[in-house]
Amino acid sequence: MKVLVTGGAGYIGSHTVLCLLQSNHQVIVYDNLCNSSEESLTRVQKLTGKQLEFVEGDIRDTTKLDAVFDNHKIDAVIHFSALKAVGESAQIPLSYYQNNVHGSVCLLEVMQKHQVQNFIFSSSATVYGEENDIPYVETMKLGTPSSAYGASKVMVERIMADQALANNKFRGVSLRYFNPIGAHPSGIIGEDPKGIPNNLLPFVAQVAVGKRDKLSIFGDDYDTEDGSCERDYLHVMDLAEGHVAALDWLNANSDFTGVEAFNLGTGKGISVFKIVAAFEKAVHKTIPYHVSPRRSGDLSAFWANAQKASSQLNWQAKRSLNDMMEDTWRWQSNNPNGYDV
Ligand SMILES: NC(=O)c1ccc[n+]([C@@H]2O[C@H](COP(=O)([O-])OP(=O)(O)OC[C@H]3O[C@@H](n4cnc5c(N)ncnc54)[C@H](O)[C@@H]3O)[C@@H](O)[C@H]2O)c1
């Protein structure tokens, strides 16, 4: 298939592009590089020995996007591009709605104009909000996330549902990611957050490499086994393979129209303290940390029910916690400054 990947230079996007190329799909990456570097794509091409096409552009630039659809017969779109920092989204909510919601509408409009119906969206466990019980199952009603970031994901899922009602050819898949960590086992591509990392593992890795002094653990008095938050961490390569599985599913189900959601997680929660201990064990280093007050909006624990992806997509997270730690460390220690060489 010829696949347009928005946000394909980013963390999850670059790993997915690698898997798509390895599965013999043709790839066009469309990215404005606001949180990534084209170097990730150069490395993906070296790793796979295959070529992709890169267009630098913003999804809200519909003229540029339109030209891409004019120049290529696109079969499917995988839509990663978004702003993703939960904390920042409280400071600049309008930018989040502008980029994530308006941007998605622009993309869907151009797809509609060109009669491209296959759409895979990067959603998030955050769409379950605070009101649903764990483990989260796809049959649950969408919740009310406390952040503008989370709300933007709920809104795009709603837009997809409305689009499917209006256009009976639309074929949407919403992949609800849990907590991706790790890197390609080569250590050649990985997560390269700009500025201070928002996520736990890049922060831990930057402490280990000496870029940051200390890790802050937000809260040790949650109602969990060891008092720290619990999340469903999965290896980014497993997550990337989930996108290829979703494309295969769309191909195998040629009669499918509408929108289908799938959780992509391991089905197990792991605490922050356990992640830190696993990292220390895998890389033989001590991570200095202090406990800070809870962050507002952080839920104590959540994880996926991953049955639906297993039975319908034939996808399961198979890499171990130790793989996640070792691969993160290989990437971070070989690339202490990320893609800035
Ligand atoms: N990383 C996670 O923990 C996580 C969890 C759940 C969902 N997600 C979602 O997965 C997707 C990918 O996340 P990631 O971790 O790879 O983030 P990332 O920031 O590394 O990748 C996002 C990419 O989109 C690009 N981009 C942003 N706005 C754009 C725009 N207007 N036009 C064109 N390109 C634009 C960025 O330059 C970047 O390359 C996002 O939609 C994110 O919300 C991520």
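In listed order, ligands and their atoms are each counted from 1. Residue numbers start at 1 and run along the sequence shown. None of the values given here were measured: they were computed from a predicted structure.
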So is [X] in contact with ligand 1, going by heavy-atom distances below 4.0 Å?
| X | answer |
| --- | --- |
| Asp31 | yes |
| Glu191 | no |
| Cys34 | yes |
| Gly8 | no |
| Thr6 | no |

Any N or O on [X] sitting closer than 3.5 Å to an N or O of ligand 1?
| X | result |
| --- | --- |
| Phe178 | no |
| Ile12 | yes |
| Lys153 | yes |
| Tyr11 | yes |
| His79 | no |
| Tyr177 | no |
| Asn179 | no |

Tabulate below the donor-acceptor pairs under 3.5 Å that side-chain atoms of residues 272-288 make, not counting sequence neighbours, or state none.
residue, atom, partner, partner atom, Å
Lys274, NZ, Glu225, OE2, 3.4
Glu280, OE2, Ile287, N, 2.7

For [X], the ligand 1 atoms whose distance to one of its heavy atoms is below 4.0 Å:
| X | answer |
| --- | --- |
| Asn35 | 18 (P), 19 (O), 36 (C), 37 (O) |
| Pro180 | 1 (N), 2 (C), 3 (O) |
| Leu33 | 37 (O) |
| Ser123 | 6 (C), 7 (C) |
| Arg60 | 31 (N) |

Ring geometry between Phe119 and Phe121 (parallel below 30°, tilted from 30 to 60°, perpendicular above 60°):
parallel

Mind telling me whether Tyr339 and Trp331 have parallel, tilted or perpendicular rings, with 30° and 60° as the class edges?
tilted

Closest to atom 41 (O) of ligand 1 by heavy-atom distance, out of Tyr149, Phe121, Phe80, is Phe80

Please check if Phe80 and Trp315 belong to a single hydrophobic cluster, counting links between Ile, Leu, Val, Met, Phe, Trp and Tyr side chain heavy atoms closer than 4.5 Å.
yes

With distance as the sole criterion, is a donor-acceptor pair present between the side chains of Ser23 and His25 under 3.5 Å?
no

Electrostatic pair Lys153-Glu157, nearest N-O below 4.0 angstrom:
no

Hits for salt bridge (charged side-chain N to carboxylate O under 4.0 Å, His left out) against Lys2, two or more places apart or cross-chain, chain-then-number order -> none

Are the side chain of Asp61 and the backbone N or O of Lys64 linked by a donor-acceptor pair below 3.5 Å?
yes

